[in-house]
Every structure is written in C-alpha cells, then in structure tokens.
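Worksheet: one structure, shown below.
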Amino acid sequence: MEFADVIRVARCERVTLHRPHVPKVEATLAITSHHLIVAPLQGSELWVVHSNVDHVDRRSQGVTGGSLYLLCKDLRRLQLDILGTDLFTKVADTLEDLSRVDEPGLQYPFFYQPQTPLLEDGWAAFAPETELNRMLVPGDQWRLSHVNAGYKVCRSYPELLLVPRALDDSEVAVAAQHRQDGRFPVMAYRHVPTGAVLVRSSQATATYNSNSGGAAAAVRRCKEDEKLLACILGSDKRGYIVDTRTHHTATTAKVSIPSLSR
C-alpha cells in the first residue's frame with residue numbers, strides 16, 4: 001500500500017471546525033500519511049492521528065458540500081464542514097481509508113522521527129522474553145512460543161506469547177484459525193500466589209447456514225481449539241468468561257454452539 005494512492009486531497013481551505021463547548025472556527029485542513037491537521041486562522045493547531053478515528057459519519061448537503069463527523073477513540077467528537085461536493089467526497093473517502101489501515105508496519109510509531117535527541121531506546125526499554133518469564137514457574141504447564149513471529153498468525157498479538165506446553169506451535173496455529181482475527185486464547189496475566197491466570201481471546205468464528213432460510217450461524221468444532229481450552233482449565237478447574245464488548249456488538253455476534261457430546 002502507498003499512502004499517495006489513498007490521499008485524494010492533501011489540503012482543504014475554508015473548513016469550519018465544530019467541537020463541544022468550543023466556538024466554531026474557520027481553518028485550513030491538511031491530511032498527511034498519519035495525521036489530520038486543522039489549522040485555524042487564530043489559535044493552536046489540532047492534530048489527530050488517523051488510527052484514533054473510530055468512525056467517520058458523512059452528511060452531504062448537496063452541491064454545497066457537507067459535514068463530516070469524526071468519532072474518536074479518546075471520546076472526542078469533531079465536526080468538519082467542507083465546501084463543494086467533490087472536495088467533501090474526497091476528504092471523506094481519504095479519512096475513511098486512512099483510519100482503517102491495519103498493517104502493523106504502516107502505523108505511525110514506525111514512522112515517528114523525534115525532533116530532540118533520544119534519551120533512551122524505547123524498543124530496548126525491556127525485553128519481552130524476560131518479562132514473560134516472570135510469569136512462569138518451575139514445571140509450568142505454560143511455555144514461551146514464537147508461533148506469531150512476523151505477526152503471521154495474529155496481527156494484533158505480540159510476536160512472543162505464552163501458550164499451554166501441551167500444544168506444539170502447529171496446533172496453536174490451527175486453533176488461531178478457529179478464532180476471529182486469529183486471536184486465540186493466550187495468557188495475559190498470572191497471579192503467582194494462587195496460580196490463577198487471565199486469558200484473552202476473541203470468540204470462535206461462525207459459519208452461516210444458507211439452507212435455513214435466515215441468518216442462522218453456528219460454530220464449527222475445532223479439536224485443536226478444544227484441546228487448548230482443556231489445557232488451560234483442566235478437569236478440576238472452573239473458568240469465568242468476561243465479555244468486554246458492548247451489548248449490541250455481543251448480541252449481533254451471537255452464535256449457537258454445538259453440543260460437545262456429539
């Protein structure tokens with residue numbers, strides 16, 4: 001992907017910026033590879049990194065242009081009034097595409113160039129392997145795994161992970177294919193005195209039955225995924241599931257689970 005192919009317009013004049021509890025201002029809008037910059041005629045500039053934009057809502061007003069509502073992940077809500085239909089469409093398409101870039105190597109931290117001398121190398125501030133080893137104990141049922149080297153299994157997981165020792169990396173990779181976005185169950189935290197672990201994952205992928213006449217969805221069985229969960233819980237442990245999604249998102253993604261006795 002080339003950013004030049006995505007940015008349809010890099011500069012836009014006479015844009016009106018609306019923010020809650022702040023008077024509206026006329027400004028110049030600039031769009032770079034990683035930032036949306038709003039520069040008013042007076043006052044300080046507003047910089048918003050594209051990855052912070054969660055949703056772009058466009059409301060066209062015909063030939064006069066339209067308004068863009070940017071809903072940000074830090075709970076900010078910005079409104080941009082843009083003159084001209086063509087310019088409005090190009091800005092909207094550009095911001096939508098830039099806010100959806102999911103390739104790790106194209107994210108802003110990999111392009112950031114500090115203006116002052118570095119006091120320390122942040123990438124070497126700590127060693128992931130050392131920190132993860134702190135959660136392991138002698139004779140542990142967990143181990144370090146490089147199954148996600150190069151982010152080839154899950155783009156949103158780190159390259160080094162803690163997985164059950166009873167599974168080899170090939171089985172873990174198969175289990176990841178059974179989970180949405182490849183987010184298979186991995187250890188995120190361990191309470192060493194009790195041995196209790198906090199495991200994170202996405203829900204299992206669903207398949208839709210086209211013969212049901214509706215949008216019925218069901219989860220297919222995956223022996224590697226079931227083995228992974230069995231290794232975490234064992235036969236004498238009890239686990240709790242905490243769904244951190246919104247009620248609407250969880251209800252929309254609800255699927256039926258086949259009986260494990262089949």
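What's counted below: heavy atoms across the whole structure, side chains too, no hydrogens, waters or symmetry copies. Positions are given from 1, in the same order as the sequence printed here.
- Residue L95 holds its CG atom at 7.0 Å from CG of L29, rounded to the nearest 0.5 Å.
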_What verdict does the side chain to side chain contact (heavy atoms under 4.5 Å, CB included) test give for V91 and R58, after you've listed the backbone C-alpha separation in whole Å, the side-chain angles of each residue and the deciding distance to 0.1 Å?_
CA-CA 10 Å; V91 171; R58 61 175 80 190; over 6 Å; no

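- Separation of atoms CG (N52) and CG (L75) is listed at 9.5 Å; rounding is to 0.5 Å.
- Note that CD of E96 is 10.0 Å distant from CG of L70, once rounded to the nearest 0.5 Å.
- When hydrophobic clusters are built by joining Ile, Leu, Val, Met, Phe, Trp and Tyr residues whose side-chain heavy atoms come closer than 4.5 Å, directly or via intermediates, V147 is grouped together with L160.
- Looking at R190 and D140, their side chains come closer than 4.5 Å, going by heavy atoms from C-beta outward.
- The heavy-atom pair separating I7 from S33 by the smallest distance is CD1-N, 4.0 Å.
- Looking at heavy atoms from C-beta onward, L136 lies in side-chain contact with N133 at the 4.5 angstrom threshold.
- Annotation: D181, atom CG; neighbour count of heavy atoms from other residues, nucleotides and ligands within 6.0 Å does not exceed 12.
- Electrostatic pairing of R143 and D168 does not count as a salt bridge here, judged by no charged N lying under 4.0 Å from a carboxylate O.
- A salt bridge links E131 and R134; the closest N-O separation between the charged side-chain nitrogens and carboxylate oxygens is under 4.0 Å.
- Under a hydrophobic-cluster definition in which Ile, Leu, Val, Met, Phe, Trp and Tyr are linked whenever side-chain heavy atoms come within less than 4.5 Å, directly or via other members, M187 and L228 are assigned to the same cluster.
- Proximity of H35 to Y108: side-chain heavy atoms (C-beta onward) are separated by under 4.5 Å at one or more points.
- Between R76 and D74, at least one side-chain nitrogen of the basic residue sits less than 4.0 Å from a carboxylate oxygen of the acidic one, meeting the salt-bridge criterion.
- Within the 4.5 Å cutoff, the side chain of L80 has heavy atoms near those of the V38 side chain.
- In this structure, CG on L83 lies 9.5 Å from CD on Q61, to the nearest 0.5 angstrom.
- Of all the heavy atoms in F184 and S201, the pair that sits closest is C-CB, 3.7 Å.
- If you run side chain to side chain contact (heavy atoms under 4.5 Å, CB included) between I31 and each of H50, K90, R11, only H50 comes through.
- Residues R221 and E226 form a side-chain contact, since some pair of their non-hydrogen atoms from C-beta on lies under 4.5 Å apart.
- One distance of note links CG of L132 with CH2 of W142; it measures 12.0 Å at 0.5 Å rounding.
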*Might you work through the side chain to side chain contact (heavy atoms under 4.5 Å, CB included) test for C12 and L87, ending with a clear yes or no?*
CA-CA 8 Å; C12 182; L87 197 57; 3.2 Å; yes

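- Heavy-atom minimum distance, C154 versus G182: CB-O, 3.4 Å.
- Y112 has its ring centre no less than 6.0 Å from the ring centre of H34.
- Inter-residue side-chain proximity for L46 and L78 is flagged as met; some heavy-atom pair is nearer than 4.5 Å.
- In terms of hydrophobic clustering, with Ile, Leu, Val, Met, Phe, Trp and Tyr side chains grouped at heavy-atom distances under 4.5 Å, V48 and F111 are assigned to a common cluster.
- The number of heavy-atom neighbours closer than 6.0 Å to CD1 of I241, taken from other residues, nucleotides and ligands shown, is 12 or below.
- I82 and Y69 are members of different hydrophobic clusters when ILVMFWY side chains are connected at heavy-atom separations under 4.5 Å.
- Side-chain contact check for V101 versus S51: every heavy-atom pair is 4.5 Å or farther apart.
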*Apply the test side chain to side chain contact (heavy atoms under 4.5 Å, CB included) to residues S156 and R183: give CA-CA distance (whole Å), side-chain angles for both, the deciding distance (0.1 Å), then the verdict.*
CA-CA 8 Å; S156 58; R183 296 176 63 85; 2.6 Å; yes

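- Here the closest non-hydrogen pair linking E13 and T28 is OE1-OG1, 2.8 Å.
- In this structure, CG in L144 is found 5.5 Å from CD in E129, a value given to the nearest 0.5 Å.
- A salt bridge links D97 with R8: at least one charged nitrogen is closer than 4.0 Å to a carboxylate oxygen.
- The environment of CD in Q42 is sparse: at most 12 heavy-atom neighbours from other residues, nucleotides or ligands sit within 6.0 Å.
- Looking only at distances, a side-chain donor or acceptor of N148 sits under 3.5 Å from a matching main-chain atom of P158.
- Connection of I37 to V6 is not established within any shared hydrophobic cluster, with ILVMFWY side chains joined at heavy-atom distances below 4.5 Å, either directly or through further cluster members.
- Residue K24 qualifies as open at atom NZ: its count of foreign heavy atoms under 6.0 Å is 12 or below.
- Other residues, nucleotides and ligands place more than 12 heavy atoms under 6.0 Å from the NZ atom of K227.
- Residues L229 and R179 share a closest heavy-atom pair of CD1-NH2, 3.6 Å.
- If you check the side chains of Q180 and T205, you find no donor sitting under 3.5 Å from an acceptor.
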*asked:* Set out, in order, the CA-CA distance, both residues' side-chain angles and the distance that settles side chain to side chain contact (heavy atoms under 4.5 Å, CB included) for V174 and K223, then state yes or no.
replied: CA-CA 9 Å; V174 174; K223 64 179 182 180; over 6 Å; no

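- Counting heavy atoms from C-beta on, the side chains of L98 and F3 come closer than 4.5 Å.
- When all heavy atoms are compared, the tightest approach of T85 to T64 is OG1-N, 4.3 Å.
- Of the possible polar contacts, one joining the E159 side chain to the G150 backbone as a donor-acceptor pair under 3.5 Å is found.
- Annotation: R200, atom CZ; neighbour count of heavy atoms from other residues, nucleotides and ligands within 6.0 Å is above 12.
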